[in-house]
2 protein chains.
Amino acid sequence: MSDLLSVAKLAGVSRATAARAFSSPDLVRPATREKIFNAAQQLSFRPNKVAQQLRSQATQMIGVMVPSLDNPVFAEQLQAMEVAARASSYSLLVTTSEYSPSREEEIVEEMLRQRVDGLVLTVADAGNSAVLEKLRLENTPCLLVYNPPGNSGYASIGVDNNAAGADATRHLLTLGHERIGMVAGPLLQSDRAQQRYEGYRHAMRDAGFKPRPVVEMNRHTQADLASLTPELNGPDFLTAVICTNDLLAISLMGELQRAGFSVPGDLSVMGFDGIALGKHLYPSLCTIEQPRAEIGRTAVQTLLAMIRGESCTPAPLPHALRQGESVGIPTFRKSMLGTS
Amino acid sequence: MSDLLSVAKLAGVSRATAARAFSSPDLVRPATREKIFNAAQQLSFRPNKVAQQLRSQATQMIGVMVPSLDNPVFAEQLQAMEVAARASSYSLLVTTSEYSPSREEEIVEEMLRQRVDGLVLTVADAGNSAVLEKLRLENTPCLLVYNPPGNSGYASIGVDNNAAGADATRHLLTLGHERIGMVAGPLLQSDRAQQRYEGYRHAMRDAGFKPRPVVEMNRHTQADLASLTPELNGPDFLTAVICTNDLLAISLMGELQRAGFSVPGDLSVMGFDGIALGKHLYPSLCTIEQPRAEIGRTAVQTLLAMIRGESCTPAPLPHALRQGESVGIPTFRKSMLGTS
DNA sequence: TTGTAAGCGTTATCAG
DNA sequence: CTGATAACGCTTACAA
C-alpha cells in the first residue's frame with residue numbers, strides 16, 4: 001500500500017507538504033494541492049490511521065463492553081452508540097463479557113493496550129468490581145452504562161432503577177394488585193436487578209403490603225415456569241409479577257399461556273427495559289421503558305466530553321411506564337366490580 | 001504511559017532485550033528476564049498495540065458491518081463473532097450501515113484506513129453493490145454474511161435462502177395450505193428476501209399452485225396489518241403467510257391477534273431467521289432457523305483462514321425448520337376432517 | 001508556502 | 001545471550 005512519501009515524490013513535493021494537503025489543505029497553495037491529490041489518486045493512496053494514531057497518541061476509538069448482545073437492550077444501545085460515535089468520527093471496538101468478571105478483566109486490559117481513547121462499560125456489579133478497581137489507577141476515561149452510579153465512583157448513564165422498580169410496582173398497586181412478586185435472573189450478577197428489587201420492596205411497604213422474596217431464575221433471559229408455580233397456588237397466590245427484564249417477562253408469558261394460564265387474566269406480567277419487540281406482541285408487554293437509544297447516544301457524548309477533559313456528572317435519564325395488554329385488573333377485583 | 005525504553009533503562013538492559021523478554025522470553029536469560037518483568041511492573045508498563053500494529057503491518061482487527069443491531073439476527077451473529085474473534089486474539093471494529101449504500105461506502109473506506117486485517121460485511125444487495133466493486137481493487141480479504149453468494153464473486157457464509165424459502169413453503173403445503181402468501185420488508189433492500197421469495201415461487205409452482213405477489217411492508221421489522229387485509233378477505237383469502245424475517249412475523253402475529261384474528265386459526269404465520277425469542281412466545285413462532293451463532297463463528301474462522309492466505313470456498317450452512325404453534329392446519333381442512 | 005528532521009513505541013536484522 | 005540501529009507511516013516544530 002502506497003504511503004505519503006511516494007505520493008509526495010510523485011507530486012514533486014516534500015512529505016510534509018503532502019501531509020499538509022490532507023490535514024490542513026488551506027496551508028498549501030491550490031496548485032500544489034491539486035498535484036498532490038492527483039498523485040494520491042494515481043497511487044490509490046489511503047492514509048494510514050495506525051500511523052496517525054501512533055504519532056498523535058490518540059486512536060479515536062472507544063472501547064465498548066456489554067454483557068451480551070443476545071439481549072436486545074444491549075444491542076439497541078450499541079446501535080445508537082455506533083451512530084453517535086461515527087457522527088463524531090470515532091470508531092467502536094466492541095466486546096462482550098458474557099457476565100464473567102474474568103473476561104471483563106481480559107477485555108479491559110486488551111482495550112487499554114489498544115490505547116482506546118475511552119471506555120464504555122456495563123459490568124456485572126459496579127459496587128464490587130475488580131476491573132473498575134484496576135481502572136481507577138489508569139487515566140483512560142471510563143463511563144458506565146446501566147450500572148447504578150454511586151456504588152463505584154464512576155459516572156454512569158442510565159435510569160434510576162430504584163425509582164423505576166417502585167413505579168412499576170405502584171402501577172400494579174394502583175390497578176388493585178396486592179400480591180405482587182418479582183422475578184429475576186441470577187441476582188448476584190446484576191446490580192441493576194437488585195436496585196429494581198429494592199424499589200419494589202419500598203413501594204410495597206409504602207402501600208402496607210409485605211414484599212416477597214425474589215423468585216430467582218437460572219438464566220437471565222429465560223423464565224422457567226416451575227420455579228414460579230409454588231407462588232401461583234395456595235391461598236396467597238400472586239396476581240401479578242414484575243420481571244427484571246423483558247426477555248424474562250416475554251418467555252414467562254409464553255410459558256404461562258402454554259400451560260393454560262391466561263395473561264393477564266390469571267396473572268399480570270410486567271417487564272423491564274422496553275425492548276422494541278415488546279410493543280408488537282399480543283398481549284403487548286407492559287414494561288418500564290429505558291430510553292435505550294438515548295442512553296447510547298448520551299453515553300458516547302458524555303465520554304467524548306470526558307476525553308476532551310471536561311468533567312461532567314451525568315444525571316439519570318428518565319424512564320417511562322409503557323402500558324401494555326399483559327397487565328390487567330386482578331381477578332378478585334374484577335368480580336367485585338361485576339357484582340357491586 | 002511508560003514505554004519499553006523506560007522499562008529497559010530501569011532494568012539496566014537495552015530496549016531490544018526488553019522487547020525480547022516479552023515476545024520470545026526464552027531467548028533471554030531468566031535472571032535478566034526477571035529484572036525486566038519487575039521493572040515493567042513497577043512502571044505499570046503496558047505494551048502499545050498501535051505501535052505493534054504499525055511495526056508489524058497487521059492490526060489483528062476485523063471490521064464488521066451489519067445493517068442494524070436492532071434486529072436480533074445480526075446481534076446474535078455478532079455475539080458469536082466476538083467470542084470467536086477473541087478466542088483467536090482478534091478484535092472487532094463494529095459498524096452499522098442502516099441499509100444505506102452511502103454509509104456502506106464510508107464505513108468500508110474508514111475500515112481500510114484503519115488497516116483492518118479483513119472485513120465481514122452484510123450488504124444490502126451483493127449483486128449490485130458499489131462497495132463490493134471498490135473492494136475488488138483492494139487486497140484486504142472480505143467475506144459476506146447472509147448475502148447470497150454467487151451474485152458477487154465474494155465468498156459468503158449463510159444458508160441457501162432459495163432452498164429455505166422452498167422448505168418453508170412446502171411445510172405449509174404439506175399441512176394442506178394452498179393459498180399461501182409472502183410478506184417482506186422493502187424488497188430492493190434485501191437480496192436474501194428476494195431469494196426466499198424465489199424459493200417460495202418455485203415450491204408453489206411445483207405443487208401446482210399459483211404463487212402470489214409479495215406483500216411489501218414499509219419497514220423491515222414491523223408489519224402493518226392494513227397492507228395485508230385485502231389478502232385476508234374475498235373468496236381467495238390466504239390461509240398462511242411466510243414472512244421474510246422473524247420480527248416481521250412476530251409483529252404481524254401481534255397485529256392479527258389484536259384485530260381479533262386467531263393465529264393459527266384464521267391465519268398461519270411463519271417467520272424466517274429463528275431468533276431466540278421466537279421459541280418463547282405464545283403461540284411460538286414457526287420459522288426457518290438460520291444457525292446464527294454458527295454463521296458468526298464460521299465467518300470469523302473463514303476470514304482468518306483467508307487472512308492467513310488460505311483460499312477457501314465455504315459451503316452453505318444448513319437451515320432447519322423450527323416447528324411452532326403459529327402454524328396449523330388450514331381451516332377448511334379442519335372442518336373437512338371434522339365432518340368426514 | 002514549503003522543506004528538514006525529529007519523533008510516536010515497536011520489532012527485526014545484524015553484529016558482538 | 002545482548003546491544004545498536006533501522007524501519008513502520010505519519011505529524012509537527014522549526015527553518016528557509
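Every chain is numbered from 1, with letters handed out A, B, ... down the list of sequences. The structure presented is a predicted model; accordingly, all values stated were derived computationally and were not measured.
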Are any of R55(B)'s side-chain N or O atoms less than 4.0 Å away from OP1 or OP2 of dA12(C)? no
Does T32(A) reach a base, just sugar-phosphate, or nothing at all? Heavy atoms under 4.0 Å. sugar-phosphate
Those residues that, when tested against R29(B), pass side chain to side chain contact (heavy atoms under 4.5 Å, CB included) (two or more places apart): T32(B)
Any residue meeting side chain to side chain contact (heavy atoms under 4.5 Å, CB included) with P149(B), in chain and number order, not counting sequence neighbours: S156(B)
Check R115(B) against R46(A) and note the closest heavy-atom contact, atom names and distance. NH2-O, 2.8 Å
As an exercise, state the distance from OG of S6(A) to CD of Q42(A), rounded to the nearest 0.5 Å. 11.5 Å
Interface limits on DNA chain D, where chain B has a heavy atom under 4.0 Å of a nucleotide atom: dC1(D) to dG9(D)
Does the side chain of Q57(A) get closer than 4.0 angstrom to OP1 or OP2 of dG7(C) through an N or O atom? no
Under the ring pair (Phe, Tyr, Trp, His ring centres under 6.0 Å) definition, can you give me all pairs with a residue in residues 40-62 of chain B, not counting sequence neighbours? F22(B)-F45(B)
State whether S14(A) places a side-chain N or O below 4.0 Å from either non-bridging phosphate oxygen (OP1 or OP2) of dG3(C). yes
Hey, could you give me each pair passing ring pair (Phe, Tyr, Trp, His ring centres under 6.0 Å) that has a residue in residues 111-148 of chain A? Not counting sequence neighbours. F74(A)-Y146(A)
Which residues pass the side chain to side chain donor-acceptor pair (under 3.5 Å) test with N161(B), not counting sequence neighbours? R196(B)
Should we count NZ of K9(B) as having more than 12 external heavy atoms under 6.0 Å? no
Would you kindly say whether Q114(B) and Q53(A) are connected by a side-chain donor-acceptor distance under 3.5 Å? yes
V73(B) and D273(B) have their tightest heavy-atom pair at CG2-OD2, 2.9 Å
To the nearest 10 degrees, how far apart in direction are the end axes of the helix from dT1(C)-dA16(D) to dG16(C)-dC1(D), each fit to five base pairs? 40°
Pair up each side-chain donor or acceptor in residues 299-316 of chain B with any protein partner under 3.5 Å, not counting sequence neighbours, and list the distances.
unit_1, atom_1, unit_2, atom_2, d
T302(B), OG1, T298(B), O, 2.7
R308(B), NE, E310(B), OE2, 2.9

May I have all residue pairs that pass ring pair (Phe, Tyr, Trp, His ring centres under 6.0 Å) and include part of residues 94-118 of chain A, sequence neighbours excluded? Y99(A)-H220(A)
Would you jot down, in residue-number order, the residues of residues 2-10 of chain A having a non-hydrogen atom under 4.0 Å from DNA chain D? D3(A), L4(A)
Does anything in residues 37-50 of chain B reach DNA chain C, meaning a heavy atom under 4.0 Å, and if so which residues? F45(B), R46(B), P47(B), N48(B)
Closest-nucleotide 5' rank along DNA chain D - winner of S56(B) and G12(B): G12(B)
Quick one: CE on M61(A) to CG on D117(A), what's the gap to the nearest 0.5 Å? 8.0 Å
Distances under 3.5 Å only, N/O to N/O: pair up the protein atoms with those of nucleotides 14-16 of chain C.
none

Which residue lies toward the 5' end of DNA chain C, L54(B) or A16(B), if each is placed at its nearest nucleotide? L54(B)
